[in-house]
Amino acid sequence: MRYLQIFMALFLTFLFISCKKDSNHNKDCLPNGKILRQITDQPATVKNINGQFYLVENNTVDSRLNPCNLDKDYQVDNLQVTISGEVKSVVQPGPGPCCTENFVITEISK
């Protein structure tokens, strides 16, 4: 009987821990921003400009996406990626590069 109690305690602990998984990609880190456009499976390049990482969609020159939820694994200058997400309008607190739009990543791959 005691082994059954230990087993049940371990099982419930495992179940609780496995249900707490959280993925940053699916969080809307800009919940108050109005969605301007959707991006789906578009090629882009990660750019490091003065320590800030931006995404530049292929075939654009001046437009930069400022991702609020870019994982450390993707913070590599000139990394080629495929992105999906929401471009949002949010008032930026200070000066930044020209034509920067805020971006919530829903999916990214190398």
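Here, residue 1 is the first one in the sequence, and each next residue gets the next number. Hydrogens, waters and symmetry mates are skipped; everything else that's a heavy atom, side chains included, is used.
What you find for Ala44 and Glu57 is that their closest heavy atoms are CB-CA, 4.0 Å. Across all non-hydrogen atoms, the minimal contact from Pro67 to Phe53 is CD-O, 3.5 Å. Across Phe103 and Leu30, no two heavy atoms sit closer than the pair N-CD1, 4.2 Å. Val76 and Asp73 make their closest contact through CG2-O, 4.1 Å (heavy atoms, listed as atom of the first residue, atom of the second, distance).
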- Task: With side-chain contact (heavy atoms from CB on, under 4.5 Å) as the test, would you mind laying out the steps for Lys34 and Lys88 before giving the verdict?
- Result: CA-CA 5 Å; Lys34 178 182 172 188; Lys88 294 205 170 184; over 6 Å; no

- Item | Intermediate values then yes/no, side-chain contact (heavy atoms from CB on, under 4.5 Å), Asn48 and Gln75 | CA-CA 8 Å; Asn48 182 350; Gln75 293 181 4; over 6 Å; no

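Under the side-chain hydrogen bond (donor to acceptor under 3.5 Å, both in side chains) criterion, Ser84 pairs with Asp41, sequence neighbours left out. Applying the side-chain hydrogen bond (donor to acceptor under 3.5 Å, both in side chains) rule to Gln52 yields the partners Asn66; only residues at least two apart in sequence or on another chain are considered.
Checking side-chain atoms of Gln80 against main-chain N and O of Pro43 turns up no donor-acceptor pair under 3.5 Å. Asn69 places a side-chain N or O within 3.5 Å of a backbone atom of Ile105 that can act as its donor or acceptor partner.
When the shell of 6.0 Å around CG of Asp77 is examined, it contains more than 12 heavy atoms from other residues, nucleotides or ligands. Around the NZ atom of Lys110, the shell of radius 6.0 Å holds more than 12 heavy atoms that belong to other residues, nucleotides or ligands.
No single ILVMFWY cluster, assembled from side-chain heavy atoms under 4.5 Å apart, contains both Val56 and Val46. Tracing side-chain contacts under 4.5 Å through hydrophobic residues (I, L, V, M, F, W, Y), one never reaches Val87 starting from Ile35; they form parts of separate clusters.
A distance of 5.0 Å separates OG1 in Thr45 from CG in Asn58, rounded to the nearest 0.5 Å. In this structure, the separation between CG on Leu65 and CD1 on Ile39 is 4.5 Å, given to the nearest 0.5 Å. Atom CD1 of Ile83 sits about 11.0 Å away from atom CD of Glu107, to the nearest 0.5 Å. Annotation: the span from Asn102 atom CG to Arg64 atom CZ amounts to 14.0 Å, rounded to 0.5 Å. Put simply, CG on Asn59 and CD on Gln42 are 9.0 Å apart, with the number rounded to the nearest 0.5 Å.
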